[in-house]
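The sequence lines fix the lettering, A, B, ..., with proteins before strands; numbering per chain opens at 1. The shown structure was predicted, so the numbers you read here are calculated from the model rather than taken from an experiment.
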Protein chains: 2
Amino acid sequence: MGRKRLPESADGRPTVHTVAARAGVSIASASRVLNGVGGSPETIRKVRAAAAEVGYVPNAIARSLQSQRTGLVALAVEDIGNPVYVAMMRAIEAVVADSGRQLLVHATGGRIDNETALLRRLANRYVDGMIISPIRVTDDHLAALVDSPVPVVVVGQLGADAPVDNVRTDSRQGVALAVEHLVATGRRRIGFVNGPLDTVPGAVRDAGFRAALARHGIDLDEDLVEVGDFQYAAGRAATERLLARARPDALLCANDLIAVGALHALLAAGRRVPEDVALVGMDDTELARMMFPQLSSVSLGSAERGRRAAELLLQRIADPALPPRREQVPPSLVVRASSGAPLPSPRPAGDPFSGPSTGAASAVTTDPAPPAGPPADPASGPVGTPPSHPSSEGASS
Amino acid sequence: MGRKRLPESADGRPTVHTVAARAGVSIASASRVLNGVGGSPETIRKVRAAAAEVGYVPNAIARSLQSQRTGLVALAVEDIGNPVYVAMMRAIEAVVADSGRQLLVHATGGRIDNETALLRRLANRYVDGMIISPIRVTDDHLAALVDSPVPVVVVGQLGADAPVDNVRTDSRQGVALAVEHLVATGRRRIGFVNGPLDTVPGAVRDAGFRAALARHGIDLDEDLVEVGDFQYAAGRAATERLLARARPDALLCANDLIAVGALHALLAAGRRVPEDVALVGMDDTELARMMFPQLSSVSLGSAERGRRAAELLLQRIADPALPPRREQVPPSLVVRASSGAPLPSPRPAGDPFSGPSTGAASAVTTDPAPPAGPPADPASGPVGTPPSHPSSEGASS
DNA sequence: TTGTATGCGTTATCAG
DNA sequence: CTGATAACGCATACAA
């Protein structure tokens, strides 16, 4: 039965008009049925049939223009290749997808101009909200953050009490946990391979490291401190520089990528890990468990932080009038082969040995979990088996 | 000077009307100036001033509704955590951003229903095009692919000559390169840890492995073949199963994640790499260089494939009438410590030793590149230094 | 319940 | 060059 020409969109695809015409009703009725509100049984039948016949799919853009919401949420991180952000991203994605939205990922490269530009561009209304994990923060940056045209949640440390939703960890205490562990296992010449000091995490971890050593009565040898980028290659290079002038018996690295670089530098220099040098990373990414020996690492709960950030964002999107909130995820230390045999059990807090504690709860874990998937055969290696932790983080807080 | 009430959008933000009113011109003039087309010097000045004063930012949604394009491009991959996809993503992002567009990343988990749902949802016009790297392909899937409402480019092998833009590699030849290398270095009991056989890459690599062995006159011992997921944990578990029943002197893994799992299983079982067992991965991700010993790996040019896919997509968006195109990126083998001392030099093609060759060009490379970043000190380790390759790929083709 | 008409914010068309 | 006006595709007061 050859119909007349049905109205359709410019590119030939059916619109509400097409469906309405075909069903012999008004576009209002068609729209209502399509949205499941109202409509007589007969109308519903006709419209549904017409929609199916022409293969109608609502135009999301037109719908967004009307509803003032796109169903998109953005995430801006420094380096999409850092496994810590992958973990965070996964956690966020789960929450976001659960709310029927989609995630738009931006890589900022840590460049602050990129981030502010991104924040300003938010004004174009293309996303309903944004989660951002900046590693450098300026006043300008902060200003753009507070008067963002759309809801923004920050993952990471934010100076003062900026009126912005924000979920952080205490990486200073994270560093303290690692130092405590290393000291408790007899290490004294503890080195530190950090990221750039002009980043928030770099600065905080540097301060935390110095404070932790001081609490244990250890004089810091500046030769034992080196700085690079939060990356594998930089970590390796920095460690090589450090090894050229000092002989640490332990190395703390500001994230796992650096730690992997350090491991290579150490092995290349003929140092055994952990016999000669104990190695501890930060973020507790899956990379830590993939190395051999597996790396001890300070978990900064990145997955958890991502999850919470996503929840805060969704809440704020639902109710923009909410007061600014701030959540904190505590760090914990996961001990693996790279820093000595697993401790027999988590030490109780306030261990007399640890001197003036930061007040840290018993946030130390050994990691004996078996690999995910089919149960492994009992052939256990010399240093333990790979666990199946979630979580991680690269440079934030 | 207290203005009257200026027209503004529902949420209180300025629109063209706001600017126009403030500048004392029509919205048409305002729009023209804002878009840099036409306008007298005086009008231009007034409009620009007004726009700046009220902080006008064009609403991207309204603009999209009008222009029929969103400036968004989607990428759908199985596992966003697989470094091979990270590499691909980076390459794509570069091209896409270069065209002023943004990238929307989807993780499909390899579930085919997810992908088809995604394809159908494309009809809602929220993205201008999509790059998809499916690891499983059904007829239904393929159908959704060919009559997609928006341009789609497929990264990976596509059955027959589906009329869809598609950039692939020859992972069958990739496998052949690896086998040739292992045979040439004296290995005979070559095992294979593969991904699921119901995936395209899994099936192709399995066939390729069998064919390669046959070409070298080696009878395949089925005990030397094991299958798991394209993941670290599954790779380790699969290797453990394999080792429990067979004694390979070499192991080829279907991707680098599996290879890392295999490395752990091997070391845990007390086998030395490469002395007892040579190990070769696929995808040549950065993970391969991060391991110790560094892993030999078959590069499938994932970054290059991503780059090309992005270019194909942009071309098709610009001109939908283009005929379907198909590009191919050749694989190459990067030899590192895990499969024996680096070969002295690339072997010429048609090496009499290699028997009936696949016709592969000299796609073998040793990888002596120094680490990126600051020059490393000369302290070179026992097995070589980490290179700085781009590229990678996890399960496609 | 149904249809008409209007608005969402921009851009494009077409007179003036 | 400028301004009124009509799309873009959808949703929704409002009146019937």
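- Within a 6.0 Å radius of CG in D139(B), other residues, nucleotides and ligands contribute 12 heavy atoms or fewer.
- One interatomic measurement links the two molecules: CD1 of I44(B) to C1' of dT2(D), which rounds to 13 Å at whole-angstrom precision.
- No donor-acceptor pair closer than 3.5 Å links the side chain of T108(B) to the backbone N or O of A76(B).
- One finds no side-chain N or O of S26(B) lying less than 4.0 angstrom from the OP1 or OP2 phosphate oxygen of dT2(D).
- The side chain of P58(A) approaches dC10(D) more closely than any other nucleotide in the set dG9(D), dC10(D), dC1(D).
- Side-chain contact between Q102(A) and R121(B) is present, with at least one heavy-atom pair separated by less than 4.5 Å.
- Between the CG atom of L65(A) and the P atom of dC10(D) there is a distance of 12 Å, rounded to whole Å.
- For Y126(B), no side-chain nitrogen or oxygen approaches OP1 or OP2 of dG9(D) to under 4.0 Å.
- Regarding contacts with the backbone of dG9(D), a side-chain N or O of S9(A) is found under 4.0 angstrom from either OP1 or OP2.
- Atom CZ in R125(B) sits roughly 11 Å away from atom P in dC10(D) (whole-Å rounding).
- Distance L34(A) CG to dT12(D) P: 12 Å, rounded to the nearest Å.
- Judged by distance alone with a 3.5 Å cut-off, no donor-acceptor contact links the side chain of R13(A) to the base of dG9(D).
- Across all strands shown, S31(B) has heavy atoms under 4.0 Å from base atoms, whether or not it also approaches the sugar-phosphate.
- For the residue pair T70(A) and S64(A), the shortest heavy atom distance occurs at CA-OG, 3.5 Å.
- Distance, Q68(A) CD to dC10(D) P: 17 Å, rounded to whole Å.
- Taking atom CD of Q66(A) as the reference point, atom P of dC10(D) lies 11 Å away to the nearest angstrom.
- Taking the 5' to 3' direction, DNA chain C first and last meets chain B under 4.0 angstrom from a heavy atom at dG9(C) to dT13(C).
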Check: So Q315(B) and R325(B), side-chain hydrogen bond (donor to acceptor under 3.5 Å, both in side chains) or not? Walk me through it.
Finding: CA-CA 11 Å; Q315(B) 290 168 13; R325(B) 293 147 301 167; 2.5 Å; yes
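- Counting non-hydrogen atoms under 4.0 angstrom, S64(B) reaches nothing in the nucleic acid.
- With rounding to whole Å, R32(B) atom CZ is found 15 Å from dT5(D) atom P.
- Looking at the side chain of A28(A), the nearest of the listed nucleotides dT12(D), dT2(D), dG3(D) is dT12(D).
- The nearest whole Å value for the distance from the CG atom in N124(B) to the P atom in dG9(D) is 14 Å.
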